[in-house]
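Just below is one structure, and these are the notes that go with it.
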Amino acid sequence: MGIVVAIDGPAAAGKGTLARRVAADLNLAYLDTGLLYRATGFAVVQAGGDLENEADALKAAQNLKADDLTNEKLRHDEAAQAASKVAVIQSVRDELLEFQRRFAKEPPQGKVGSVLDGRDIGTVVCPDADVKLFVTASTEVRAQRRLKELQERGLEAIYTQVLQDMKDRDARDSQRSSAPLKAADDAVILDTSDLGIEEVIAQAKSIISEKA
Ligand code: DC
């Protein structure tokens, strides 16, 4: 098993961009674990199911196919909220756990290691990861970033609504009983509120080369 880098943090803290860049620069495989929850939530909605109903959500998680992860609509905030709702269900998390662990252990395409980003990678999915980063930023900064991202994609969005959605999702993700969002004891905290993305990437790469 090669190097495993775990990157956790709340929504729009910059962890996705960071994880993708670190993986590309260090030739590691990358898994955006949020996509698994987004695709599960999205499938429940598509099937006319109830996001808080365990049977509906578990069935969607069990039936996930690789193709389901490529839908552009998964990037919308509706999918994010749906993801956060199915993500509180323990059996859904258990169902998605094996895939994530296998990806970390046996990275695809012959890569020498992997980068996984999510909420519980350093605490639950890969507690033995070689490097754990917890990427965070203030709620207001994250809401501004998300607003900009939505607007750049041509989607209509207003700051107060984006901020409220962010607060709702943070609360649900960090207060759930099963694998809540929190930094692992041995994670390095990266606060990106006042840092540009290139600085964040440089810091992360230097932490990885020190630890790995
Ligand atoms: O990282 P993201 O915004 O795509 O995640 C969407 C939701 O999925 C997030 O609000 C909570 C859930 N999630 C999770 O519970 N555990 C993960 N490892 C990744 C995401």
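Quick caveat: nothing in here was measured; it's all calculated off a predicted structure. All ligand and atom numbering here is 1-based and tracks the order in the structure.
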Inset, instruction - Would you mind telling me which of K167, R169, Q161 makes a side chain to side chain donor-acceptor pair (under 3.5 Å) with D165? - result: Q161
Legend entry - Donor-acceptor side-chain pairing of T17 and R145 below 3.5 angstrom: no
Legend entry - Any N or O of D120 closer than 3.5 Å to N or O of ligand 1: yes
Inset, instruction - Using a 4.0 Å heavy-atom cut-off, say whether R119 meets ligand 1 through its side chain, its backbone, both or neither. - result: both
Inset, instruction - Provide the closest heavy-atom pair for D77 versus R146 in the form atom of the first, atom of the second, distance. - result: OD1-NH1, 3.2 Å
Legend entry - Numbered atoms and elements of ligand 1 in range of A87, under 4.0 angstrom, heavy atoms: 12 (C), 15 (O)
Legend entry - Same apolar cluster (I L V M F W Y, side chains within < 4.5 Å links), V44/F42: no
Inset, instruction - Verify the distance criterion only: is there a donor paired with an acceptor across the side chains of S84 and R172 at less than 3.5 Å? - result: yes
Inset, instruction - Treat each ILVMFWY residue as a node, draw an edge where side-chain heavy atoms are under 4.5 Å apart, and state whether V115 and I208 are in one component. - result: yes
Inset, instruction - Could you check if a side-chain atom of L181 sits within less than 4.5 angstrom of a side-chain atom of F134, using non-hydrogen atoms only? - result: yes
Legend entry - Protein contact to atom 6 (C) of ligand 1 [nearest heavy atom, distance to 0.1 Å]: R169 NH1, 3.4 Å
Legend entry - Residue and atom name of the nearest protein heavy atom (relative to atom 4 (O) of ligand 1), distance in Å to one decimal: R38 NE, 2.6 Å
Inset, instruction - Name the option, out of M166, K85, R93, Q81, that contains the heavy atom nearest to atom 14 (C) of ligand 1. - result: R93
Distance-only donor-acceptor hits, side chain of residues 20-37, under 3.5 Å, sequence neighbours excluded:
| residue | atom | partner | partner atom | Å |
| --- | --- | --- | --- | --- |
| R21 | NH1 | E198 | OE2 | 3.0 |
| R21 | NH2 | E198 | OE1 | 3.2 |
| D25 | OD2 | K205 | NZ | 2.7 |
| N27 | OD1 | K111 | NZ | 3.0 |
| Y30 | OH | D117 | OD2 | 2.6 |
| D32 | OD1 | G34 | N | 3.1 |
| D32 | OD1 | L35 | N | 3.4 |
| T33 | OG1 | D117 | O | 2.6 |
| Y37 | OH | R93 | NH2 | 3.3 |

Legend entry - Within-cut-off N or O pair, Q100 and ligand 1, under 3.5 Å: no
Legend entry - Atoms in ligand 1 flagged as close to A83, the criterion being non-hydrogen separation under 4.0 Å: 6 (C), 7 (C), 8 (O)
Inset, instruction - Could you tell me which atoms of ligand 1, counted from 1 in the order shown, lie closer than 4.0 angstrom to a heavy atom of K15? - result: 1 (O)
Legend entry - Identity and separation of the nearest protein heavy atom to atom 13 (N) of ligand 1: Y37 CD1, 3.6 Å
Inset, instruction - Before signing off on this row, confirm whether T33 and ligand 1 have an N or O atom pair separated by under 3.5 Å. - result: yes
Inset, instruction - Decide whether the shortest distance between a heavy atom of R172 and an atom of ligand 1 is less than 4.0 Å. - result: no
